[in-house]
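See below for the structure under consideration.
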Amino acid sequence: AIERTLSIIKPDAVAKNVIGQIYSRFENAGLKIVAAQMKQLSREDAEGFYAAHKERGFFKDLVDFMVSGPVMIQVLEGENAVLKNRELMGATDPKKADKGTIRADFADSIDANAVHGSDAVEAAQVEIAYFFGK
Ligand code: CMP
């Protein structure tokens, strides 16, 4: 089915100047960028976005990292977009990410892991609404 998913290029990858290289991977996989905004997240933005992780030990480090510089936020649309984007990203921990994935090629650590992508269609709807409204 044609789906939409939320993607964030995190501060590490924006600082490395690889937005275009990551966009090319989306496009070459048949995912269309149908909305985008560059944004400096506030702590409130980041805490709200990651509210599901609030009780996790890594929450503060995650929020600190996500506000450390601008992020590029986009909605990707295409056949099977949620899973396709997750395959392009690779595992959360770049040490475990398959060769040729975005995280294997551009990420440095589990926090500075280059990209975020929604993990399910329902989560994607919530995450897209969070940054782009209805
Ligand atoms: P992301 O897909 O953006 O969702 C939550 C983020 O928390 C994740 O990517 C990682 O960057 C970060 N994180 C840090 N430590 C962990 C961990 N132990 N498990 C999962 N995510 C973690």
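Atoms within a ligand are numbered from 1 in the order they appear, just like the ligands themselves.
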- [ ] If the plane angle is over 60° it's perpendicular, under 30° parallel, otherwise tilted; pick one for His116 and Tyr50.
- [x] perpendicular
Can you give me a line-by-line list of nitrogen or oxygen pairs between ligand 1 and the protein shorter than 3.5 Å?
residue	atom	partner	partner atom	Å
ligand 1	2 (O)	His116	ND1	3.1
ligand 1	3 (O)	Lys10	NZ	2.7
ligand 1	3 (O)	Tyr50	OH	2.5
ligand 1	3 (O)	His116	ND1	3.0
ligand 1	9 (O)	Lys10	NZ	3.2
ligand 1	9 (O)	Asn113	ND2	3.4
ligand 1	11 (O)	Lys10	NZ	3.2
ligand 1	11 (O)	Ile110	O	2.6
ligand 1	11 (O)	Asn113	OD1	3.3
ligand 1	11 (O)	Asn113	ND2	3.3

TODO: Please list all pairs passing the salt bridge (charged side-chain N to carboxylate O under 4.0 Å, His left out) test where one or both residues lie in residues 16-36, with sequence neighbours left out.
DONE: Lys16-Asp108, Arg25-Asp105
Task: Nearest non-hydrogen partners of Ala97 and Arg103, listed with the distance - done: CB-CB, 4.1 Å
Task: For Asp12, salt bridge (Lys or Arg N to Asp or Glu O under 4.0 Å) partners two or more places apart - done: none
Task: Heavy-atom pair of closest approach, residues Val34 and Glu77 - done: CG1-CB, 3.8 Å
Open item on the list: Run the salt bridge (Lys or Arg N to Asp or Glu O under 4.0 Å) test against Glu47 and tell me which residues pass, sequence neighbours left out.
Closed with: Arg43
